[in-house]
Amino acid sequence: MVLLGVQPTNIEADVVKFGNSAALTRTYNRAVILDALRRTESLSRVELARLSGLTPQAVRNIVEDLLAEGFVKQIGRRKGLRGQPQIEVAINPDRGYSLGFHVTGSECRYLGTNLVGDVVFEGGAFKLTSDAAEIRRSLEQIEAACSQSMQDRARLGVGIAVSAPLAMPRHREPHSDYLEQVRTIQHFFGPDTWIENDANAAAMAENLSGTAKERSDFLYIFIGAGVGGAIVRDSKLQRGYRGNAGEFGHILVDPNGPQCHCGNRGCLHTYLSLAEFGDRIDRLGSDDGEIKAWLARAVPPLTRAIVTLENAFDPDRIILGGTAPGWLLELLLAGVQEILPSTCTDEAHQRVEISRLGTTSALLGASALPLLNLMTPHPGLLTKQSLEGMR
Ligand SMILES: [Zn+2]
């Protein structure tokens with residue numbers, strides 16, 4: 001279904017097929033504990049038992065294992081309203097790191113983040129040529145620099161975000177001609193390498209350390225030269241039957257609108273793409289005539305798309321992000337809020353939010369992929385097949 005060996009997508013079927021064992025259940029329960037901890041500052045064992053539904057003894061055993069392995073650390077006692085203060089545990093950010101790569105064509109950017117998504121290796125960028133040996137030489141240099149910088153911290157995995165569709169093409173989209181280079185990176189780092197398109201990766205960054213850290217059900221609209229999206233339910237990316245779920249850029253907002261490269265007319269992408277600005281976007285401001293014209297064109301279709309998405313998915317939040325600068329996202333949101341129909345305005349919370357991770361969200365998300373795989377209790381952990389990816 002998905003090229004390049006991304007994790008299995010039909011997990012529920014795998015559960016039926018493979019069954020589980022005590023060891024696999026332990027792996028799952030351990031992820032339940034890590035997931036609860038990563039969403040909070042710290043928790044006591046009593047709170048972990050209450051939140052997870054596991055027995056106090058099971059929680060004690062798992063926490064002991066995680067302490068011994070260095071994934072969590074004790075951070076002292078917190079005084080409660082009653083009873084003895086409890087010793088709290090928290091994720092140990094320095095247990096390890098993950099390397100993230102964002103492939104945008106002829107360029108590949110990279111950085112490293114710790115277990116809570118903070119950047120611990122600043123990284124940089126290198127040219128992706130068609131020469132595999134040259135790419136491997138770049139990767140060797142990056143690996144050496146990163147190892148020196150991280151010293152005794154273990155690498156927990158590698159994630160690659162790709163600005164191209166990875167699934168079976170449904171649309172008449174120009175197919176990426178750099179997937180071979182992505183495969184070279186994947187083969188260099190081996191089996192603990194995770195690959196996603198940039199919108200899915202950016203959504204995962206939101207889930208690890210961004211606006212959606214405490215949320216399990218949200219949608220992400222990626223705005224850049226391309227317009228995409230991601231659907232996250234129960235903290236898991238939804239891929240759809242052919243792996244194309246979340247292609248919000250091709251939501252039809254006006255059948256008589258401009259021609260889209262997918263073959264249809266009036267797709268959201270044709271109004272929201274920033275391709276026309278290229279690198280100039282950073283030099284433009286909110287008062288620029290081009291920006292004003294773009295906003296006037298983009299706000300109404302985006303509003304229509306948001307209403308459609310809210311009705312289809314009933315998400316906790318919709319997050320606007322991507323490679324668009326923050327000030328532009330703020331202007332977009334202000335415009336949307338002015339005309340958003342009032343059907344849900346009695347809700348206390350804001351329905352649409354802006355990513356605070358900045359324009360590197362896809363790169364941060366690439367690095368988040370292996371970390372979330374480690375700390376998210378998805379049903380696939382109960383199968384032998386998925387154990388391979390869980391080291
Ligand atoms: Zn389209």
Side-chain angles (χ1 to χ4, degrees), residues 1-4 6 9 102-105 161-179 195-203 218-232 237-278 281 290-291 293-313 315 318-324 328-329 332-333 335-336 339-340 352 355 361-362 365:
M1 182 183 295
V2 181
L3 299 179
L4 299 158
V6 189
T9 53
H102 185 191
V103 176
T104 55
V162 186
S163 293
L166 296 173
M168 286 170 61
R170 183 183 57 193
H171 310 294
R172 277 177 264 158
E173 301 208 60
H175 218 67
S176 162
D177 55 1
Y178 50 84
L179 291 184
I195 301 175
E196 282 292 356
N197 68 52
D198 50 7
N200 279 347
F218 65 95
L219 305 178
Y220 185 90
I221 301 178
F222 187 99
I223 301 167
V227 177
I231 304 162
V232 180
L237 285 164
Q238 304 297 302
R239 293 201 168 76
Y241 184 68
R242 295 178 184 79
N244 288 312
E247 286 286 4
F248 301 151
H250 298 290
I251 291 177
L252 199 154
V253 289
D254 179 3
N256 300 313
Q259 182 75 47
C260 179
H261 59 256
C262 73
N264 289 336
R265 284 187 166 277
C267 292
L268 184 62
H269 168 91
T270 62
Y271 300 92
L272 218 53
S273 165
L274 298 177
E276 66 190 86
F277 298 117
I281 192 85
E290 275 187 86
I291 293 295
W294 179 85
L295 281 167
R297 216 167 51 239
V299 166
L302 175 60
T303 309
R304 280 195 284 278
I306 284 173
V307 171
T308 300
L309 292 171
E310 281 191 322
N311 282 296
F313 294 100
I318 294 178
I319 298 170
L320 302 182
T323 56
L328 190 58
L329 293 174
L332 256 184
L333 179 59
V336 167
I339 57 173
L340 201 59
V352 186
S355 165
S361 58

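Order of listing sets the numbers, starting from 1, for every ligand and every atom in it.
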Requested in this report: Measure the NE2-CG distance between H250 and N264 for me, rounded to the nearest 0.5 Å.
Outcome: 9.0 Å

Requested in this report: Quick one: pull up OH in Y271 and CG in D254 and give me the separation to the nearest 0.5 Å.
Outcome: 4.0 Å

Query raised in the report: Between the Zn ion (ligand 1) and H269, is there an N, O or S atom separated by less than 2.8 Å?
Result: no

Query - Nearest-0.5 Å distance that lies between atom SG in C267 and atom CG in L252 - result: 5.5 Å

Query raised in the report: Given SG of C267 on one side and SG of C260 on the other, what angle do they make at the Zn ion (ligand 1), to 10°?
Result: 110°

Query raised in the report: Looking at CG of L268 and CD1 of I306, how far apart are the two atoms once the value is rounded to the nearest 0.5 Å?
Result: 9.0 Å

Report summary line: Taking the Zn ion (ligand 1) as the apex, SG on C262 and ND1 on H250 give an angle, to 10°, of 110°

